[in-house]
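Here the structure comes first, spelled out in structure tokens, and everything after it is commentary.
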Amino acid sequence: MNDFFLKENTDFTPFSTQHLLVVLMLFLFGFILIRWAIKQSEKRQILIGNILAISISLFVIIGFAIKLFSDNFNIQEHLPLHLCSILALTIPIVSIKRIYLHYEIIFFLILAGTLQSLITPSSYSF
């Protein structure tokens, strides 16, 4: 049972049935959550947003801890943290402080990281 959680998953294939099913489930969850939250008070909406932000950070921390205490940890690969991990760790700060400038910076970094991930090393021409 421990092997299931601690073993590196190398079976992932982008745009496979498994991948698309998870994306569809998360899309439906987000859609239902948004439709439900619209009917709630602003205070409750902020609380739900903070809970989601904290849970994203906890998943990153737990995932890092699992890799750290298993045989899969490689300091050159896992440190320094990637942009996505840094953003996931800062989301609760941005969500709780609710400073609009911080939202803009995070949004810009998310766009920059997304565009960067679309460029593969083989597409560089020197």
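What you see below is based on every heavy atom in this structure, not just the backbone, and it leaves out hydrogens, waters and symmetry mates.
Cluster membership check: Ile38 does not share its hydrophobic cluster with Ile32, using side-chain heavy-atom separations under 4.5 Å among Ile, Leu, Val, Met, Phe, Trp and Tyr. Residues Phe29 and Val23 fall into different hydrophobic clusters, defined by Ile, Leu, Val, Met, Phe, Trp and Tyr side chains chained together at heavy-atom separations under 4.5 Å. In the hydrophobic clustering of this structure, Tyr100 does not group with Ile105; members are Ile, Leu, Val, Met, Phe, Trp, Tyr whose side-chain heavy atoms approach within less than 4.5 Å, directly or through other members. A chain of hydrophobic side-chain contacts below 4.5 Å, direct or via other Ile, Leu, Val, Met, Phe, Trp or Tyr residues, connects Leu109 to Tyr103.
Rounded to the nearest 0.5 angstrom, Leu68 CG and Ile61 CD1 are separated by 12.5 Å. The OG1 atom of Thr17 sits 8.5 Å away from atom CG of Leu21, with the distance rounded to the nearest 0.5 Å. We find the OG1-CD1 distance between Thr90 and Ile106 to be 3.5 Å, quoted to the nearest 0.5 Å. Atom CZ of Phe64 is separated from atom CZ of Phe69 by 9.5 Å, given to the nearest 0.5 angstrom. From Ile93, atom CD1 reaches atom CD1 of Ile54 across 10.5 Å, with rounding to the nearest 0.5 Å.
Taking the side-chain hydrogen bond (donor to acceptor under 3.5 Å, both in side chains) definition, one finds that Ser57 meets it with nothing, sequence neighbours left out.
Looking at heavy atoms from C-beta onward, Leu111 lies in side-chain contact with Phe107 at the 4.5 angstrom threshold. Put simply, the side chain of Ile99 reaches to within 4.5 Å of the side chain of His102, judged on heavy atoms. Counting only heavy atoms from C-beta outward, the side chains of Ile56 and Leu89 never approach each other to under 4.5 Å.
Within a 6.0 Å radius of CD in Glu42, no more than 12 heavy atoms belonging to other residues, nucleotides or ligands are found.
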Compile the donor-acceptor pairs under 3.5 Å between side chains in residues 43-53 and protein atoms, sequence neighbours left out, one pair per line.
residue : atom : partner : partner atom : Å
Arg44   : NH1  : Gln40   : OE1          : 3.4
Gln45   : NE2  : Ala37   : O            : 2.7
Gln45   : NE2  : Gln40   : O            : 3.3
Asn50   : OD1  : Ser95   : OG           : 2.4
Asn50   : ND2  : Ile46   : O            : 3.4

